[in-house]
Amino acid sequence: MVKFENFSFGHPQKDLYENINFEINTGDHAVLIGSNGSGKSTLVNLIMDEEKYTYDGLIRMDRSIRIGYVSQFVEHETSDLTAFDFLAAPFRAMIKKSDDLCEKMADAEDLDALYAEYQKIVDEIEAVDAYNYESNIAKELAVADLSKLSDIPVSNLSGGEYKLLFIMRNMLLKPELLIMDEPDVFLDFENLISLIKIINSYDGTILTITHNRLLLTQCFDKVLDIENKSVREFPGNFAEYNSWMLENKIEIFEHAKNFDEFIEKQEQLVKNIRKLAESIAEPRFGRQLRARATYMERLRKMRGEDPFIESHDHEFHLAFGLTADDNVELDETAEYEPEAMEIEVKDYSLSYGDRKILDNISFKVGAGEKIAIVGTNGTGKSSMLRDLFSELNEKEPGKVGYFRQIVESDDTLKLSGGERNLKQINELCETPHTGLLLDEPTSHLDIYAQIELEKAIHEYKGTVVLVSHDLFAITACADRIIMIENGSIREMSGRAYRKSVYKNYFSSDIFETERKRIETEIKVSNLIRSGKFDEARKVLESK
């Protein structure tokens, strides 16, 4: 369907791909992964708008294929259409156009042009099974456990619910290739489970960019990994790919090391022959020297380029303490350890228009405690965090840091979503605070940045209030969970929350499985870098 051959492309300031080769075949559910800024979204844009770019190599694909696209951010419609009518709209439009053309043909003298147009719309109707749209929509809603939304106006849906419907409509339109760029961003847990179900039930071809560990472990049968300007292609799931990738790297690095040792010995022989040729004027030494030089050149070509393990060491250290602007007199002769701030939300209410969202919510966060606020989309979590920051910052300016869910400014618009969020995180690492309010801080980050941030939050000495839909971040960081339900809250420990999630939705502890997988990858990568290949193999065999 889509094939890249010896393809190279880059921007003036950065090369993205060098002689990459991979293909997407009909029926693939492929996931495109890679570190932030590696060129994932650019690769998608090349598939959709090849003619806009100048590149080396080939992109082989039929330009007539129908491509569906779901971007990271989907603008929420505010019409009075119900969810069912929203899904049905494109099919009804096709059928209406077909009926209108039939009426025109009944009275037309010249049928040729009208018939050609009619045949085109009939082909479109048949391609998307438009005449059966009602049953197809009902089935898709049922698969995603979203039948309850059928009669609700889309203007009343949460952002996550609307995004799911948008994805679903693209699937119902049966594109020959559906491309989704981080479709999971900002989806709450229930909607994420629905997304997993509709992806796994979809029988078309998908190319998805995601860093979501839940999606990666539950979906996709092909992995495309951008690393070091190359693309690795693996037919299999993410867990299988991870094991294969580590085994492959052990072999490559060991091969390169053995080659290097052999080349080094040959280079020493060349040096010895050169010394003899310089001291003894015999033609045979000159011939030996030329032969050895030719042999050495062949060896270097056989060895190839240096193998590569991408460094994922972000090393976040969230700064704890007081800023230079804090009006605190310190005893210069004594060590001063600032105290983590205490946070209290008291009788907080929130309304959107006439609709009451939160009603007299109250809770406390102890000094140094980490809590996570969770709940479905539209329950007021981000609004409450934003209001809390305004209040705390007004009382004690500079003491609390704030990670915003979406930041757009003149200097960030050219950055990817992940790069923008890394910029915010680095600012929190450079400026000390005694408390942090974090609104979806792991969104858009690659897996390794997510893990490093979770570690940094866990080690941070200050107080943290985290709003997140990222189950891995919640279970790794939070001492306590505050769940927003029906305008009120209930609390549970982080441990109890984690157990309830995998008990109700999964057959095993996916959090523990993913933690062990990452630990193995890091350990094996470090052993490879140290040249301890047998030890690296033993770690893989024992996992």
Side-chain angles (χ1 to χ4, degrees), residues 68 70 73-92 128-130 132-174 178 180 183-203 212 214-215 218-219 350-359 373-383 467-471 481-490 497 500-506:
V70 178
F73 305 103
V74 175
E75 187 174 349
H76 195 143
E77 283 190 21
T78 56
S79 69
D80 292 329
L81 286 176
T82 65
F84 188 92
D85 290 338
F86 171 79
L87 295 174
F91 305 102
R92 289 171 176 167
V128 301
D129 196 20
N132 295 312
Y133 75 85
E134 290 184 338
S135 59
N136 291 338
I137 289 172
K139 178 182 176 182
E140 200 70 14
L141 286 168
V143 166
D145 293 328
L146 294 177
S147 299
K148 60 183 181 294
L149 301 182
S150 186
D151 297 324
I152 298 176
V154 293
S155 57
N156 291 347
L157 298 178
S158 70
E161 290 168 338
Y162 179 80
K163 189 170 187 179
L164 273 180
L165 287 182
F166 187 84
I167 293 169
M168 199 178 293
R169 187 164 77 171
N170 272 273
M171 289 181 171
L172 285 163
L173 287 168
K174 298 182 183 297
L178 175 59
M180 299 192 289
D184 50 275
V185 170
F186 307 135
L187 292 188
D188 62 42
F189 177 65
E190 298 293 339
N191 287 332
L192 188 58
I193 293 295
S194 294
L195 177 60
I196 289 170
K197 289 177 179 177
I198 62 176
I199 287 176
N200 289 339
S201 67
Y202 185 64
D203 59 6
N212 186 284
L214 194 55
L215 230 60
Q218 303 297 309
C219 305
L350 176 70
S351 297
Y352 295 154
D354 296 332
R355 189 160 62 103
K356 197 81 167 177
I357 304 299
L358 295 172
D359 189 17
I373 300 176
V374 303
T376 58
N377 293 120
T379 50
K381 303 181 299 298
S382 294
S383 296
V467 166
S468 182
H469 296 308
D470 184 344
L471 288 174
I481 308 296
I482 293 178
M483 302 184 68
I484 299 180
E485 298 174 325
N486 302 319
S488 60
I489 62 172
R490 67 184 177 96
Y497 176 75
S500 70
V501 167
Y502 74 72
K503 179 182 178 182
N504 292 329
Y505 294 96
F506 305 103

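Residue numbers run from 1 in the order of the sequence given.
- For the 3.5 Å distance criterion, the side chains of Ser194 and Asn191 fail to qualify, holding no donor opposite an acceptor.
- No salt bridge links Lys174 with Asp129; every basic N to acidic carboxylate O contact stays at or beyond 4.0 Å.
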- [ ] Begin from the C-alpha positions of Arg169 and Leu165 and carry the test side-chain contact (heavy atoms from CB on, under 4.5 Å) through to its verdict.
- [x] CA-CA 6 Å; Arg169 187 164 77 171; Leu165 287 182; over 6 Å; no
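- In this structure a side-chain-to-backbone donor-acceptor pair under 3.5 Å is present from Glu161 to Ser158.
- Lys139 NZ: 12 or fewer foreign heavy atoms inside a 6.0 Å radius.
- The shortest non-hydrogen separation linking Asp188 to Asn377 is OD2-N, 2.6 Å.
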Task: Verdict with supporting geometry, Asp85 and Thr82, side chain to side chain donor-acceptor pair (under 3.5 Å) - done: CA-CA 5 Å; Asp85 290 338; Thr82 65; 3.2 Å; yes
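- Remark: the backbone N or O of Ser147 is not paired with any side-chain donor or acceptor of Ser150 at under 3.5 angstrom.
- At a threshold of 4.5 Å between non-hydrogen side-chain atoms, the residues Tyr133 and Leu172 do not count as touching.
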Open item on the list: Using side-chain contact (heavy atoms from CB on, under 4.5 Å), reason through Leu173 and Phe91 one step at a time and then give a plain yes or no.
Closed with: CA-CA 8 Å; Leu173 287 168; Phe91 305 102; 3.8 Å; yes
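- Taking CG of Leu358 as the start and OG1 of Thr379 as the end, the distance is 7.0 Å to the nearest 0.5 Å.
- In this structure the side chain of Phe166 never reaches within 4.5 angstrom of the side chain of Glu77, judged on heavy atoms.
- With hydrogens and angles ignored, the 3.5 Å screen pairs a side-chain donor or acceptor of His76 with a backbone N or O of Val154.
- Side-chain contact of His469 with Asp184: a donor-acceptor pair under 3.5 Å is absent, judged by distance alone.
- Using a distance-only test at 3.5 Å, with no hydrogens or angles considered, no donor-acceptor pair links the side chain of Ser383 to the main chain of Gly380.
- Heavy atoms only, all atoms of each residue included: Leu214 and Ile196 are closest at CG-CD1, 4.0 Å.
- Within the model, atoms CZ of Arg92 and CG of Leu87 stand 10.0 Å from one another, a figure rounded to the nearest 0.5 Å.
- Aromatic ring centres of Tyr162 and Phe86: separated by under 6.0 Å.
- Atoms OG1 and CD, on Thr376 and Glu485 in that order, are 8.5 Å from each other to the nearest 0.5 Å.
- The shortest side-chain heavy-atom distance between Met168 and Leu141 falls under the 4.5 Å cut-off.
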TODO: Report the C-alpha distance between Leu192 and Asn212 in whole Å, list the side-chain angles of each, state the deciding distance to 0.1 Å, and finish with yes or no for side-chain contact (heavy atoms from CB on, under 4.5 Å).
DONE: CA-CA 10 Å; Leu192 188 58; Asn212 186 284; 3.7 Å; yes
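- Taken from OH in Tyr497 to CG in Leu471, the straight-line distance is 5.0 Å, to the nearest 0.5 Å.
- Taking both residues in full, the closest heavy atoms of Ile152 and Asn156 are given as CG2-CB, 4.0 Å, listed atom of the first, atom of the second, then distance.
- Distance NZ/Lys197 to SG/Cys219: 12.0 Å, rounded to 0.5 Å.
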Open item on the list: Applying side-chain contact (heavy atoms from CB on, under 4.5 Å) to Leu146 and Ile198, what does each step give before you reach the verdict?
Closed with: CA-CA 11 Å; Leu146 294 177; Ile198 62 176; over 6 Å; no
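- For the atom pair Leu157 CG and Lys163 NZ, the distance stands at 15.0 Å (nearest 0.5 Å).
- Residues Met171 and Ile199 form a side-chain contact, since some pair of their non-hydrogen atoms from C-beta on lies under 4.5 Å apart.
- A heavy-atom distance below 4.5 Å is not found between the side chains of Val374 and Ile484.
- Smallest separation of non-hydrogen atoms from Lys381 and Gly375: NZ-O, 3.1 Å.
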